[in-house]
Asks: 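Quick one: the structure is below, questions incoming.
The chains referred to below are lettered A, B, ... by the order of the sequence lines, with proteins before strands, and numbering in each begins at 1.
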Protein chains: 2
Amino acid sequence: MSKNATANVNRPLTLRDVSEASGVSEMTVSRVLRNRGDVSEATRTRVLNAAKTLGYVPNKIAGALASSRVNLVAVIVPSLSNLVFPDVLTGISEVLEDTELQPVFGVTNYKPEREEQVLYEMLSWRPSGVIIAGLEHSDAARNMLKAAGIPIVEIMDTDGEPIDANVGISHRRAGREMAKAIVQAGYRKIGFLGTKMPLDHRARKRFEGFTEALAKEGLEVADQEFYEGGSALLKGREMTESILKRSPDLDFLYYSNDMIGAGGLLYCLGNGIDVPGKVGLAGFNGVELLDGLPRQLATMDACRSEIGREAAKIIVEHAGSDNGGAKKIVLTPKLQLGDTLKR
Amino acid sequence: MSKNATANVNRPLTLRDVSEASGVSEMTVSRVLRNRGDVSEATRTRVLNAAKTLGYVPNKIAGALASSRVNLVAVIVPSLSNLVFPDVLTGISEVLEDTELQPVFGVTNYKPEREEQVLYEMLSWRPSGVIIAGLEHSDAARNMLKAAGIPIVEIMDTDGEPIDANVGISHRRAGREMAKAIVQAGYRKIGFLGTKMPLDHRARKRFEGFTEALAKEGLEVADQEFYEGGSALLKGREMTESILKRSPDLDFLYYSNDMIGAGGLLYCLGNGIDVPGKVGLAGFNGVELLDGLPRQLATMDACRSEIGREAAKIIVEHAGSDNGGAKKIVLTPKLQLGDTLKR
DNA sequence: CACGTTAGTGTTAGCGGTAAAGGGGACGCT
DNA sequence: AGCGTCCCCTTTACCGCTAACACTAACGTG
């Protein structure tokens with residue numbers, strides 16, 4: 001077994017190896033690699049060359065332990081298949097890309113116990129901040145977040161008491177506004193189609209806001225239909241068919257997301273149902289996908305990437321501090337009437 | 001300022017705090033929290049109680065440094081908006097959920113230099129394994145991966161030389177098979193619609209396989225159209241319109257992904273074009289979304305979640321080892337003729 | 001010329017855990 | 001009694017890096 005510096009493949013490289021290869025102390029190598037403190041140009045290039053030829057990759061674990069600085073931001077969302085969250089994550093990445101912070105994503109599948117677990121796991125890496133979807137968390141999760149001593153930003157939803165900072169929209173209000181627009185357009189027999197998931201608090205709040213605003217007009221939801229799992233587009237079709245068969249006198253269908261709304265739209269168009277004359281339709285989210293449909297579905301933009309960007313900005317501003325300054329940013333979703341709501 | 005154990009909010013908790021609170025050594029606390037070694041039931045509960053009341057969260061940074069064991073798996077994909085990757089990530093999560101390993105996701109936006117950067121960042125946390133999309137990487141990236149001394153699984157694509165393990169499908173073959181099916185169905189004037197992105201190597205390989213198989217039949221692609229950015233569904237519509245206006249004699253359109261294919265399908269149906277009689281259509285990926293369309297688009301399943309699952313399994317099997325055993329798993333995409341390809 | 005000052009580098013002492021080895025008491029066996 | 005064996009627990013020595021300080025040479029300054 002040769003003792004040649006490059007030959008010993010098994011032992012991972014450390015600062016010491018670079019230090020020996022370049023003839024300076026480990027400390028100097030550390031300084032060069034972090035661009036911190038004064039190092040002469042000559043030493044700097046020598047060290048960098050040595051590091052490069054050896055293929056040295058710094059060990060952030062040791063670095064983080066020594067400096068108690070971790071450049072990670074924990075980002076916790078319920079799902080990736082929802083179309084909504086990838087946009088949020090993209091917004092976050094965009095902002096963090098220009099900083100030394102790095103997002104780390106975790107997925108909870110809408111399960112509180114899974115959220116707790118993922119959160120625990122992430123906090124045990126002592127990140128510089130947490131961005132987490134929703135305001136509803138288990139007691140244990142809330143306590144962990146409070147005790148973490150880092151900026152916490154709860155996103156998506158602003159209807160509730162945040163732990164620290166908060167960026168999102170009011171889903172109650174979104175539901176109310178959609179209801180108002182629908183009633184104002186003259187629709188009266190209104191059906192609701194949504195997800196069965198009792199843990200999707202935002203969908204629930206939209207529904208609550210929706211029924212509340214209808215109630216003010218002396219109306220109530222005439223029929224409803226829920227689904228779970230599977231292709232949302234297909235479910236949208238199926239639910240639309242079954243609700244219209246059951247309640248043929250409905251004149252409006254409000255979908256809890258654009259995907260099932262799109263399915264409903266395709267169903268109606270395919271079956272010669274006059275939209276928005278006989279039946280009006282609306283969804284929620286403003287997903288890009290809708291642009292390609294034969295007719296533009298009425299919807300409400302959920303400000304997804306803006307939420308991501310604003311949340312990330314808060315983390316960046318407060319990194320190193322023990323909280324996010326309790327900043328609250330309430331964005332206003334824009335109603336897009338599209339072609340499926342009479343004007 | 002009280003010296004009360006729970007009062008000092010600022011100093012983060014350590015094993016020492018738990019040890020003092022429960023009257024045993026730090027080592028014993030560590031053993032209890034990791035479920036390792038013999039600890040009496042009495043001590044165990046005492047320690048767990050202390051930890052719980054204090055709200056202690058272990059510091060994995062210190063733990064990882066001391067044990068040189070890190071339960072993270074780096075997962076690097078080009079994009080999250082592609083619909084394909086969330087499925088892969090879900091497959092990975094599914095398998096890792098039952099283990100002590102934890103996935104960490106990174107996104108490269110199809111940029112090699114970004115990939116290099118993300119990889120460097122991730123490797124500096126000394127993960128137990130890497131799952132990375134594609135076989136094409138910069139030299140620096142390849143070297144880092146080779147030198148990392150951990151299992152590496154390159155996923156999605158099997159047309160090339162993997163660094164270590166490899167799970168995916170042959171996109172060349174997928175392209176060829178689709179071409180054969182199209183020609184066999186009697187189509188002769190074939191158009192191709194795809195992404196402009198020169199760095200999407202898998203789309204490129206499908207195209208190459210496709211033209212190659214056509215060539216064997218004495219055919220070539222009669223016209224083509226490329227896009228970039230924006231809503232894929234809408235782009236599919238637009239491209240379809242423009243290619244059919246330019247080359248009205250085309251009798252088949254092959255789309256490089258289902259989303260633009262779906263746009264094309266909607267365009268044809270909306271404009272009374274007989275599908276698959278006058279024009280046949282096919283996409284690629286087998287996305288769930290297609291189930292809800294008025295007609296089932298011909299496509300080829302890319303085995304997305306299975307790829308994720310198999311890759312994760314390899315990591316699990318080889319965690320702790322210095323490589324992934326160079327295992328190669330080539331999955332076979334299933335052709336689904338749907339309703340848009342004559343039989 | 002003695003004394004700052006500064007730039008560049010080295011030394012020391014941890015960061016918060018864990019591996020490995022080291023007790024010590026209770027128990028059983030001869 | 002003397003001894004080995006468990007079982008439980010503690011002690012010690014790091015893991016690879018960085019903060020903080022110490023040092024040195026070279027230079028300016030009054």
Asks: Which whole-number value in Å describes the distance from A/Glu26 CD to D/dG16 P?
Replies: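 Checked: the CD to P distance equals 10 Å.
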Asks: With sugar-phosphate meaning primed atoms plus P, OP1 and OP2, does A/Ser68 contact a base, only sugar-phosphate, or nothing at under 4.0 Å between heavy atoms?
Replies: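 It contacts nothing in the nucleic acid.
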Asks: Do B/Trp125 and A/Val70 have side chains that get closer than 4.5 Å, going by heavy atoms?
Replies: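 Answer yes - side chains close enough.
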Asks: Would you mind checking if B/Lys111 and B/Glu115 are paired as a salt bridge, meaning a charged N to carboxylate O distance below 4.0 Å?
Replies: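 Answer for the salt bridge query: no.
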Asks: So what does A/Ser67 touch, heavy atoms closer than 4.0 Å: a base, only the sugar-phosphate, or nothing?
Replies: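 Contact class for A/Ser67: sugar-phosphate only.
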Asks: Quick check on the helix from C/dC1-D/dG30 to C/dT30-D/dA1: what's the angle between its two end axes, five base pairs per end, to the nearest 10°?
Replies: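 About 50° separates the two local helix axes.
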Asks: Can you tell me which nucleotide in D/dG16, D/dC17, D/dC9 comes closest to the side chain of B/Thr43?
Replies: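 The answer is D/dC9.
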Asks: Heavy atoms from C-beta onward define the side chain here; which of C/dG16, C/dG8, D/dC17 lies closest to that of A/Asp38?
Replies: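 Of the options given, the side chain of A/Asp38 lies nearest C/dG8.
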Asks: Can you check the B/Arg34 CZ to C/dT18 C1' distance for me, whole Å?
Replies: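 Distance check: B/Arg34 CZ to C/dT18 C1' gives 6 Å.
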Asks: Pick the closest DNA chain D nucleotide for A/Arg16 and for B/Ser40 by heavy atoms, then say which residue is nearer the 5' end.
Replies: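 Final value for this comparison: B/Ser40.
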Asks: Please write out each protein N/O paired with an N/O of nucleotides 20-24 of chain C under 3.5 Å, distance rounded to 0.1 Å.
Replies:
none

Asks: So which heavy atom on A/Ser25 is nearest to which on A/Ser19, and how close?
Replies: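 Closest approach of A/Ser25 to A/Ser19: C-CB, 3.9 Å.
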Asks: For A/Arg34, look at atom CZ and say whether over 12 heavy atoms of other residues, nucleotides or ligands are found less than 6.0 Å away.
Replies: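 Result for CZ/A/Arg34: enclosed.
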Asks: Among D/dT18, C/dG17, D/dC8, which nucleotide has an atom closest to any side-chain atom of A/Ser30?
Replies: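 Shortest atom-to-atom distance from the side chain points to D/dT18.
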Asks: Is it true that, when you exclude A/Glu113 itself, more than 12 heavy atoms of the residues, nucleotides or ligands shown sit nearer than 6.0 Å to its CD?
Replies: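 Result for CD/A/Glu113: enclosed.
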Asks: Return the CG to CG distance between A/Leu48 and A/Leu33, rounded to the nearest 0.5 Å.
Replies: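 So the CG of A/Leu48 and the CG of A/Leu33 are separated by 6.5 Å.
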Asks: Take a 6.0 Å sphere around NZ of A/Lys52 and say whether it holds more than 12 heavy atoms from other residues, nucleotides or ligands.
Replies: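 Count not over threshold, so no.
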Asks: Quick one: label B/Asn59 by what it contacts on the DNA or RNA (base, sugar-phosphate, nothing), any heavy atom closer than 4.0 Å.
Replies: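 Touches sugar-phosphate only.
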Asks: If you measure from the Lys or Arg side-chain nitrogens to the Asp or Glu carboxylate oxygens, is any gap between A/Glu310 and A/Lys313 under 4.0 Å?
Replies: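 A salt bridge links A/Glu310 with A/Lys313.
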Asks: What heavy-atom pair brings A/His137 and A/Leu145 nearest, and what distance separates the two atoms?
Replies: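 Minimum heavy-atom contact is CD2-CD1, 4.4 Å.
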Asks: If each of B/Ala62 and B/Gly23 is mapped to the nucleotide of DNA chain D with the nearest heavy atom, which maps nearer the 5' terminus, i.e. the 5' end?
Replies: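 Looking at DNA chain D, the more 5' nearest nucleotide goes with B/Gly23.
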Asks: Which nucleotide in the set D/dC15, D/dC9, C/dT9 lies at the smallest distance from any side-chain heavy atom of A/Val39?
Replies: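 When the side chain of A/Val39 is considered, C/dT9 is the closest of D/dC15, D/dC9, C/dT9.
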